[in-house]
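Below is one structure, written out as structure tokens; the observations come after it.
Reckoned from all heavy atoms, side chains included, excluding hydrogens, waters and symmetry mates. Quick note: residue numbers are just sequence positions, from 1.
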Amino acid sequence: MYKWILNKIMGSRNERELKKLQPILDKVNALEESVSKLTDEQLKEKTQFFKSHLKQKQDFIKEREAELKERIYDATSQQEKDKLKTALKILRNSLFDEILPSAFAVVREAAKRTINMRHFDVQIIGGVVLHEGKIAEMATGEGKTLVATLSAYLNALLGHGVHIVTVNDYLAKRDTEWMGPIYKFLGLSVGTILHDISAQERKAAYACDITYGTNNEFGFDYLRDNMVINKNDMVQSGHFFAIVDEVDSILIDEARTPLIISGPSEESTDKYYKVDKIIPRLKEGARDEKTKEETGDYIIDEKARTTYLTEQGELKVTQLLGLKDMHTFESMENKHHAIQALRAHKNFKRDEDYIIKDGKVVIVDEFTGRLMPGRRWSDGLHQAIEAKEAVRIERENQTLATITFQNYFRMYDKLAGMTGTAATEAEEFDKIYKLDVISIPTNKTLIRTGYPDVVYKTEKEKFNAITKEIEQLYKQRRPVLVGTITVDKSERLSELLKRKQIPHNVLNAKYHEYEAHIVAQAGKSGTVTIATNMAGRGTDIVLGGNPEFQAKDAIMKLEAGKKAVSEDGKGEILQQAKSKAAEDHRKVVDLGGLHIIGTERHEARRIDNQLRGRSGRQGDPGSSRFYVSLGDDLMRIFGSDRVTRIVDFFKLEEGIPIAEHPIVAKSIETAQRRVEMHNFSIRKQVLEFDNVMNKQREVIYDERMAILESEGLKEHVVDMIEALIISALQTHCQN
């Protein structure tokens, strides 16, 4: 109550933060007219002027900066290190105070001249938030890619290199090509780190002022750098400032899995087939929470996403494998492999957690729906799934180097991020990364309609209702985007639509190569698109369709038919596509815009918000509705039994939705909060384990670097011997 009154009088914390940024925006806007009158050459010269100014300012803070860096290196706790890093960030940010408005005005003008895009006022605010080392929460379609150019340019002026982190290679390459002309026009170099480039190309990309790449590539390059035997083979050149796009996806969702570089071990793969054969002979049991008694051979724990053997099951596995027991040093690994085989069969589902592609098990990212080629589950789980699916088992790997995303990104002197959905995880961003979340208002007023959830008792009833709504909207020619959680459910819905003869596009892990094309045209009238998660797709859904993509398709068809298309001809095709798209845009707006259908609630509220955010872009109309069944994993595992009791009491007929009720809405939200807390605890545990290794990692990697940088080892070895002798004397000679 008191908080509500204070917010009414003083405004919320977010409103107060935005108010502080208004004077900076006013200065940038006041400079726009004078900057627009500069010639191209005069505009380019501004970069050298800014660099000279910063060099002079740096001389004044050099001693304090060196002192803070030394104290950070010597800090014994993460808390102390974070505190000192914040002080260093504030000190360095003070260098830019005088030139920030001018630099942002210059970048805005350069963007207008090179890529024909002008930063909106809200994008300028977003740029300041990123420069301050915070998270800018900006709705989908607000132009986050362009926002990053402001703070990237400003911080690159110091010459330490800025890393812009994306979720996949496609976006890293696209953003480099799209935003690169701005940086190059102003005299800065731009590089891209992609999965399949050579070490020499990587080194050249990292040497650029601004480097685009994926979180995986940046992390793996760090680990590889600390495995080289020659300093010249290292590719990275420090960790100064990183801007993380889709920051919640990278720093929250993917943080549950550490990065691991591994090498093949010599162990045989036959054991996986042997253990897999006995799994069908085991019987599922249950645990009585009151008596603590267990029945059956194994028990599935869906909340913890694991399966374990009961005492009875352990004895049975011992007999089936022809062992005396599983508690000797030689045989105890069999219990581990049996549990992993059970997890492979009972906790991991094909076309949901992974797909089979070219005879290999390929992991599907549970949050983005994308394939993760090259990534493997550790600890024998991947091999257990390969045995289950009867594909070739790759040798089990041994870990050579590992780091969590949390500890990798905490190495940066300054870290910032942007996403459409961060507020629900603000506490975790603060606790783990010391990052504040600032919600930036939309450029145009959001007019999307959010309809209440429709809840059914069974999944079958829910899917029938979804199909019916899609059919009605398709007849009206209104575009529909349907969000599913798994590949399997997207294909199930696709089959239902085929029976109704409704044309549609499917975007899931199996068809990810068509991703940008499918998403770009999802706003055309009469288009039905089914997508498995929408996190970080990186392509805007424009009502009426994307004319650039349509023009490219038309040109490709002509060229495929051996018809040459001149530059004038290409321009004419693009103009026709723009005219057609504008007409279709008006039609779709009159129909109410893009309608979003969620086929179930995701375990994280952010993912639901990402799906909703695809509609109502830049002031366009739109709407969203989620369908839920009591059989959904979220409701079944984490939901409340009260809803089920209400449904059973009223004995609703099949196909009749459960009436909107506060208990139902509360139950869904409570279930999501429970999962979010559960996942937070998993990430926290992963980090706590890695923190122990991180201290060892820092010591070993510093030692390696000292060796790599030295001309000879004699002096280094003598220092080590001297330190060892002093330590021994202090231990054994008290006087």
With no hydrogens and no angle check, is any side-chain donor or acceptor of R612 less than 3.5 Å from a backbone partner on G450?
no
Regarding N443 and Q618, is there a side-chain donor-to-acceptor distance under 3.5 Å anywhere?
yes
Is there a donor-acceptor pair under 3.5 Å between the side chain of E15 and the backbone N or O of S12?
yes
Distance from T166 atom OG1 to I243 atom CD1, nearest 0.5 Å?
12.5 Å
Answer whether the closest heavy-atom distance between the side chains of D248 and Q610 falls below 4.5 Å.
yes
Looking at A577 and Q550, what are the two nearest heavy atoms and their distance?
O-OE1, 4.1 Å
Quick check on K173: does its NZ atom have over 12 non-hydrogen neighbours (other residues, nucleotides or ligands) under 6.0 Å away?
no
Under the salt bridge (Lys or Arg N to Asp or Glu O under 4.0 Å) rule, what do K20 and E17 come out as? Steps first, then yes or no, please.
CA-CA 5 Å; K20 285 181 196 173; E17 288 292 328; 3.6 Å; yes
CG on L130 to CG on L415, rounded to 0.5 Å:
10.5 Å
For E109 and E32, indicate whether the former's side chain and the latter's backbone hold a donor-acceptor pair under 3.5 Å.
no
For K570, I'd like to know if atom NZ has over 12 heavy atoms of other residues, nucleotides or ligands within 6.0 Å.
yes
Interatomic distance, F104 atom CZ to T149 atom OG1 [nearest 0.5 angstrom]
8.5 Å
Separation between CD of E459 and CD1 of I466, rounded to the nearest 0.5 Å
9.0 Å
Given side chains that start at C-beta, do those of L146 and I115 come closer than 4.5 Å, heavy atoms only?
yes
Does any non-hydrogen side-chain atom of I541 lie less than 4.5 Å from one of R617?
no
Nearest heavy-atom contact between I447 and G619 is CD1-O, 3.3 Å
Could you point out which residue of E469, Q476, R625 forms a side-chain hydrogen bond (donor to acceptor under 3.5 Å, both in side chains) with H595?
E469
Would you sort out whether I252 and V247 count as a side-chain contact (heavy atoms from CB on, under 4.5 Å), showing the intermediate values?
CA-CA 8 Å; I252 299 288; V247 68; over 6 Å; no
Strictly distance-based, threshold 3.5 Å: is any side-chain N or O of N168 a donor or acceptor partner for the main-chain N or O of Y170?
yes
Hey, does the side chain of T214 reach the backbone of D169 with a donor-acceptor pair shorter than 3.5 angstrom?
no
Taking all non-hydrogen atoms of both residues into account, name the closest pair between P479 and G523 and its distance.
CG-O, 3.7 Å
Is the CD atom of E548 crowded by more than 12 outside heavy atoms at less than 6.0 Å?
yes
I'd like to check F463 versus K489 (side-chain heavy atoms, cut-off strictly below 4.5 Å). Are they in contact?
yes
Give the minimum heavy-atom separation between S151 and G127, together with the two atoms involved.
CB-O, 3.6 Å
For a side-chain contact (heavy atoms from CB on, under 4.5 Å) check, start with the C-alpha distance between H504 and S494, then their side-chain angles and the critical distance, and finish with the verdict.
CA-CA 8 Å; H504 59 279; S494 177; 2.7 Å; yes
Quick one: pull up CG in L594 and NZ in K524 and give me the separation to the nearest 0.5 Å.
14.0 Å
Taking R478 for its side chain and V588 for its backbone only, find out whether a donor-acceptor pair lies under 3.5 Å.
no
Where N29 and R118 come nearest, the two heavy atoms and their spacing:
OD1-NH2, 4.4 Å
V528 side chain near P503 side chain, heavy-atom distance below 4.5 Å:
no
Within the distance-only criterion (no hydrogens, no angle test), does the side chain of N215 pair as donor or acceptor with the backbone N or O of I250 below 3.5 angstrom?
no
Of the non-hydrogen atoms in Q123 and G143, which two are nearest, and what is the gap between them?
NE2-O, 3.2 Å
Under a 4.5 Å cut-off applied to non-hydrogen side-chain atoms, are K580 and P547 in contact?
no
Side chain to side chain, F405 and N216, heavy atoms closer than 4.5 Å
yes
Going through the distances and angles, do L251 and Y433 end up as a side-chain contact (heavy atoms from CB on, under 4.5 Å)?
CA-CA 9 Å; L251 297 190; Y433 303 101; 3.6 Å; yes
Salt bridge (Lys or Arg N to Asp or Glu O under 4.0 Å) between E495 and K498, intermediate numbers included:
CA-CA 5 Å; E495 281 300 314; K498 281 175 186 173; 3.6 Å; yes
Decide side-chain contact (heavy atoms from CB on, under 4.5 Å) for T486 and T532; before the verdict, give the C-alpha distance in whole Å, the side-chain angles of both, and the deciding distance to 0.1 Å.
CA-CA 6 Å; T486 67; T532 306; 5.5 Å; no
Give me the ring orientation class for Y456 and Y627: parallel if the planes are under 30° apart, tilted from 30 to 60°, perpendicular past 60°.
parallel
So does Q575 get a backbone contact from the side chain of S579, meaning a donor-acceptor N/O pair under 3.5 Å?
no
Kindly say whether E352 contributes a backbone atom to a donor-acceptor pair with the side chain of D488 at under 3.5 angstrom?
no
Any donor and acceptor pair, going by atom type alone, linking the side chain of T599 with main-chain N or O of G483 inside 3.5 Å?
yes
Would you indicate whether the side-chain heavy atoms of R601 and D632 approach each other to under 4.5 Å?
no
CZ-CD1 distance between R16 and I438, expressed to the nearest 0.5 angstrom
10.5 Å
